[in-house]
Structures are given as C-alpha cells and as structure tokens.
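Taking it in order: structure first as structure tokens, then the write-up.
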Amino acid sequence: MSLKRVEITKEAEEIVRQLKHQHGDVIFHLSGGCCDGSSPMLLPKEDFYIDDNDIFLGEVAGVPFYMSRDQFEYWKHTHLTVDLTDGRGSSFSLEIPLGKRFLIQSRLLTGEECEHFNK
C-alpha cells in the first residue's frame, strides 16, 4: 500500500471527471484563505501559475494538487481528503456553477505517514 498525503471521495471524483471533460486540464490548489477560506479550488491549468512557492502534494482523480509553501507549514502534519458538498462557495472554483463546492476533510497523519512525509 502506498501512502498518500491527499485523497478524494468518490462523489468528488465524479464531479472532477465531469469538469475535466468540460474544461480540459485542471489543477487543485488549496486556497490560502482568500474568498472561500481554506477550500480546494479546481481551476483550469492554464489559469493558475505554479511556482517555487507551491508544494505538490500528489494527485487526486488524475489532477495535481498544490498548496502554497507558507500554508503547507500549517497543514504538513495532516492527511487531506477532497470532499464535496451542496452549496455555492465564494471562490472561482469550477464546480461552483453546479451548486456544489469542494471542501477538505483532514486528520492528523499517523506515525508511519508522518515519518514517511516529513523526513
């Protein structure tokens, strides 16, 4: 079993598949508090500039997941799961027009995960 820092629920994964079909290449970026708080935003890949300040946490549903380096310092001891709920958030994320919004479920890393990810 490979350890993952970020995963996605089946319901959220289905929406991601729909949005990838509609918008092409996309990325997830965990917002740093602007707009909809710390919510994962799904954005067209060409609309978001990734630089050395962004940390790659893994892929979910075939989509790269990033977070800013500063924010990672607060989240580095957590495992993240992208989930979905009804409602319109106040972000620019692609799922908003569907009346849905992505959110993060988190838990502390296990001892094994913490040793693996935070060497």
Side-chain angles (χ1 to χ4, degrees):
M1 177 176 128
S2 68
L3 298 177
K4 296 180 181 179
R5 185 179 283 280
V6 61
E7 297 187 74
I8 191 168
T9 64
K10 290 182 190 285
E11 185 181 15
E13 185 172 9
E14 179 55 36
I15 294 294
V16 169
R17 275 195 221 116
Q18 291 174 27
L19 293 168
K20 281 171 59 177
H21 179 73
Q22 183 179 357
H23 296 278
D25 289 338
V26 293
I27 64 162
F28 268 112
H29 195 278
L30 187 62
S31 167
C34 174
C35 301
D36 204 15
S38 293
S39 295
M41 295 189 298
L42 187 71
L43 305 163
K45 187 176 181 178
E46 69 273 359
D47 285 359
F48 196 86
Y49 180 72
I50 299 296
D51 63 19
D52 291 342
N53 189 48
D54 295 299
I55 304 282
F56 174 71
L57 298 181
E59 283 194 3
V60 292
V63 174
F65 190 102
Y66 295 90
M67 148 186 321
S68 73
R69 187 174 304 280
D70 291 341
Q71 190 170 10
F72 179 72
E73 284 303 309
Y74 294 107
W75 291 83
K76 68 183 175 185
H77 298 292
T78 59
H79 176 275
L80 308 176
T81 301
V82 178
D83 202 353
L84 188 72
T85 190
D86 291 330
R88 294 182 58 88
S90 58
S91 77
F92 303 105
S93 193
L94 294 173
E95 79 284 2
I96 299 302
L98 302 175
K100 304 282 186 185
R101 65 185 178 100
F102 293 114
L103 57 93
I104 287 291
Q105 304 289 342
S106 65
R107 64 166 171 79
L108 289 176
L109 294 174
T110 65
E112 179 185 13
E113 289 169 330
C114 197
E115 185 177 312
H116 176 78
F117 292 121
N118 298 319
K119 296 176 185 177

Exercise. Is there a side-chain contact between Leu57 and Trp75, using heavy atoms and a 4.5 Å cut-off?
Worked result: no
Seminar exercise, completed: Per ring-ring contact (aromatic ring centres under 6.0 Å, His included), His29 is matched among Tyr66, Phe65, Phe48, Tyr49 by Phe48
Exercise. Looking only at atom types and distance, does a side-chain atom of Arg5 sit under 3.5 Å from a main-chain N or O of Lys76, one as donor and one as acceptor?
Worked result: yes
For this session: Flag the pair Glu113 / Arg107 as yes when at least one side-chain heavy-atom distance between them is below 4.5 Å, and no otherwise.
Result: yes
Exercise. Can you tell me how far the CZ atom of Phe117 sits from the CG atom of Leu3, to the nearest 0.5 Å?
Worked result: 5.0 Å
Problem set entry | Close side-chain approach of Leu80 and Ser106, heavy atoms under 4.5 Å | yes
Exercise. Applying the 4.5 Å side-chain criterion to the ILVMFWY set and letting contacts propagate, would Val82 and Leu103 be lumped into a single cluster?
Worked result: no
Exercise. Do Val60 and Val16 come within less than 4.5 Å of each other through their side chains, counting heavy atoms only?
Worked result: no
Exercise. Phe102 versus Phe28: any side-chain heavy-atom pair under 4.5 Å?
Worked result: yes
Problem set entry | Check ion pair Glu13-Lys10 (N to O, under 4.0 angstrom) | no
Exercise. In Å, rounded to the nearest 0.5 Å, how long is the span from CD of Gln105 to OG1 of Thr81?
Worked result: 7.0 Å
For this session: Would you kindly say whether Glu95 and Ser93 are connected by a side-chain donor-acceptor distance under 3.5 Å?
Result: yes
Exercise. Going by an N to O cut-off under 4.0 Å, is there a salt bridge joining Asp54 and Arg69?
Worked result: no
Problem set entry | Common cluster, Leu94/Ile104, ILVMFWY with side-chain heavy-atom separation under 4.5 Å | yes
Problem set entry | Pair Lys100 + Glu14: basic N to acidic O under 4.0 Å | no
Seminar exercise, completed: Shortest non-hydrogen pair, Lys20 vs Ala61, comes out as NZ-O, 3.0 Å
For this session: Could you tell me whether Lys4 atom NZ has more than 12 heavy atoms of other residues or ligands within 6.0 Å of it?
Result: no
For this session: Mark yes when over 12 heavy atoms from residues, nucleotides or ligands other than Phe56 sit less than 6.0 Å from its CZ; otherwise mark no.
Result: yes
For this session: State, yes or no, whether a side-chain contact exists between His79 and Glu7 at a heavy-atom distance under 4.5 Å.
Result: yes
Seminar exercise, completed: Rounded to the nearest 0.5 angstrom, the CD1-CD1 distance for Ile27 and Ile50 is 4.0 Å
Exercise. Mind checking whether Leu19 and Val26 have side chains closer than 4.5 Å, heavy atoms only?
Worked result: no
For this session: Would you check if Ile55 and Gln71 make a side-chain contact, meaning some heavy-atom pair closer than 4.5 Å?
Result: no
For this session: Verify the distance criterion only: is there a donor paired with an acceptor across the side chains of Thr9 and Asp83 at less than 3.5 Å?
Result: yes
